[in-house]
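Have a look at the structure below before the remarks.
Values below: all heavy atoms of this structure, side chains included; hydrogens, waters and symmetry mates excluded.
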Amino acid sequence: MRPRPAPLVDPRSVARAFATPWGQAFYARPTIEVAWALLGQWLIRRLPDGWRVGRITETEAYIAGDAANHAVLGPTLRNRSMFGPPGTLYVYRVHQVHCANAVTGYGTAVLLRSVEPLLGVPGDPRGPGRLCRAFALDRAHDGTSLLTGPVRIAASGASVARVLVGRRIGIRLDAHRPLRFVVSGSRWVSSPRIPLRSERASGPAVYLSFAQS
DNA sequence: TCATTGATTTGCT
DNA sequence: GCAAATCAATGAT
């Protein structure tokens with residue numbers, strides 16, 4: 001019998017982080033800034049039989065005036081949680097999978113694309129569909145709060161040294177915009193062949209100048 | 001009620 | 001590299 005690998009995080013610290021997640025102010029900022037800030041944070045899922053924890057390694061911003069944004073035409077049955085308060089979870093289905101987003105403002109959100117498994121994560125959480133499968137997320141979680149719900153995001157305590165920026169994956173409209181953000185050097189990232197360019201971890205200020213909200 | 005369309009993943013060539 | 005799988009949301013009829 002093979003020894004079980006030691007967990008990368010202490011379950012007690014996970015419970016503490018789950019109890020003190022990022023608050024609404026974390027999400028109520030320009031979407032690109034939030035997409036950048038989410039890198040390195042803990043995504044924590046509470047299930048009846050335990051925790052699932054991953055370190056966020058890949059995000060995409062869906063901003064105002066963005067043709068690829070589901071919310072660009074206003075509220076519908078599918079996207080209505082994108083018009084909830086900052087820190088709302090927006091989960092939708094596309095093809096055969098689900099994708100999870102953190103709402104930042106009225107009709108804007110950050111797609112969670114990949115995490116690095118830290119505790120209790122089954123399978124491969126690289127890619128938004130596989131991330132949702134690994135964290136057992138579906139439309140039942142749409143509209144729940146990342147501040148008080150069964151899925152939360154909390155500070156990891158560690159900072160991300162360098163961020164890679166590139167075009168978003170799998171979209172047709174506004175496909176060229178540099179709104180995809182990746183933890184530099186991580187192997188827990190989808191679409192490894194899509195080109196990315198390296199940016200200082202000092203922040204996304206350069207992108208905020210041309211892409212508001 | 002019908003046709004179109006995907007913020008994906010997988011498997012085959 | 002490319003296309004199929006497969007289905008709910010959406011908008012047109």
*asked:* Between A:Arg168 and A:Asp66, does any NZ, NE, NH1 or NH2 come within less than 4.0 Å of an OD or OE carboxylate oxygen?
replied: yes
*When the nearest nucleotide of DNA chain C is assigned to A:Arg139 and to A:Gln96 on a heavy-atom basis, which residue is associated with the more 5' position?*
A:Gln96
*Between A:Arg93 and B:dA7, is there a side-chain N or O to OP1/OP2 distance below 4.0 Å?*
no
*Check the distance between B:dT5's P and A:Arg78's CZ and give it to me in whole angstrom.*
14 Å
*B:dT8 P sits how many Å from A:Arg180 CZ, rounded?*
10 Å
*Opening and closing nucleotides of DNA chain C in contact with chain A, under 4.0 Å to non-hydrogen atoms*: C:dA5 to C:dT10
*Between A:Arg180 and A:Val189, is a side chain to side chain contact (heavy atoms under 4.5 Å, CB included) present by the stated rule, with each step listed?*
CA-CA 11 Å; A:Arg180 175 173 177 239; A:Val189 169; 3.6 Å; yes
_Whole-Å gap separating P (B:dT8) and CD1 (A:Ile171)_ = 9 Å
*Check the distance between B:dA7's P and A:Leu173's CG and give it to me in whole angstrom.*
8 Å
*Is the backbone N or O of A:Trp188 less than 3.5 Å from a side-chain atom of A:Thr57, with the two atoms forming a donor-acceptor pair by type?*
yes
_B:dA7, OP1 or OP2 - any side-chain N/O from A:His70 closer than 4.0 Å?_
yes
*Compare side-chain N and O positions of A:Arg172 against OP1 and OP2 of B:dT4 and report whether any pair is under 4.0 Å apart.*
no
_Backbone N/O of A:Arg16 and side chain of A:Thr20: donor-acceptor pair under 3.5 Å_ = yes
*Report which part of the nucleic acid A:Leu77 touches: base, sugar-phosphate, or nothing (heavy-atom distance under 4.0 Å, all strands).*
sugar-phosphate
*Are any side-chain N or O atoms of A:Asn69 and backbone N or O atoms of A:Gly107, one a donor and one an acceptor, separated by less than 3.5 Å?*
yes
_Run the ring-ring contact (aromatic ring centres under 6.0 Å, His included) test against A:Trp51 and tell me which residues pass, sequence neighbours left out._
A:Phe18
*In whole angstrom, give the distance that lies between atom CE of A:Met82 and atom P of B:dA7.*
12 Å
*Okay, side chain of A:Glu116, backbone of A:Ile56: is any donor-acceptor separation there less than 3.5 Å?*
no
*Return one dot-bracket line describing DNA chain B 5' to 3' (Watson-Crick or G-U wobble pairs, both distances under 3.5 Å; ( ) same strand, [ ] crossing, | another strand, . none).*
||||||.|||||.
_For a quick check of understanding: with a heavy-atom distance under 4.0 Å over all strands, which category does A:Glu60 fall into, base, sugar-phosphate or nothing?_
nothing
*A:Arg126 CZ to B:dT9 C1': how many Å, rounded?*
14 Å
*asked:* Centre-to-centre under 6.0 Å for A:His70 and A:Tyr92, is that the case here?
replied: yes
*Under the 5.5 Å and 30° test, is A:Tyr62 stacked on the base of B:dA7?*
yes
_Over all strands shown, is A:Arg167 touching base, sugar-phosphate only, or nothing at heavy-atom distances under 4.0 angstrom?_
nothing
*Please report the shortest heavy-atom distance between A:Ala100 and A:Leu111, naming the atom on each side.*
O-CD1, 3.5 Å
_Between B:dG6 (P) and A:Arg168 (CZ): distance, integer Å_ = 14 Å
*Check step by step if side-chain hydrogen bond (donor to acceptor under 3.5 Å, both in side chains) holds for A:Arg113 and A:Ser190.*
CA-CA 8 Å; A:Arg113 286 194 60 91; A:Ser190 70; 3.1 Å; yes
*Separation of A:Ile169 atom CD1 from B:dT8 atom C1', in whole Å?*
11 Å
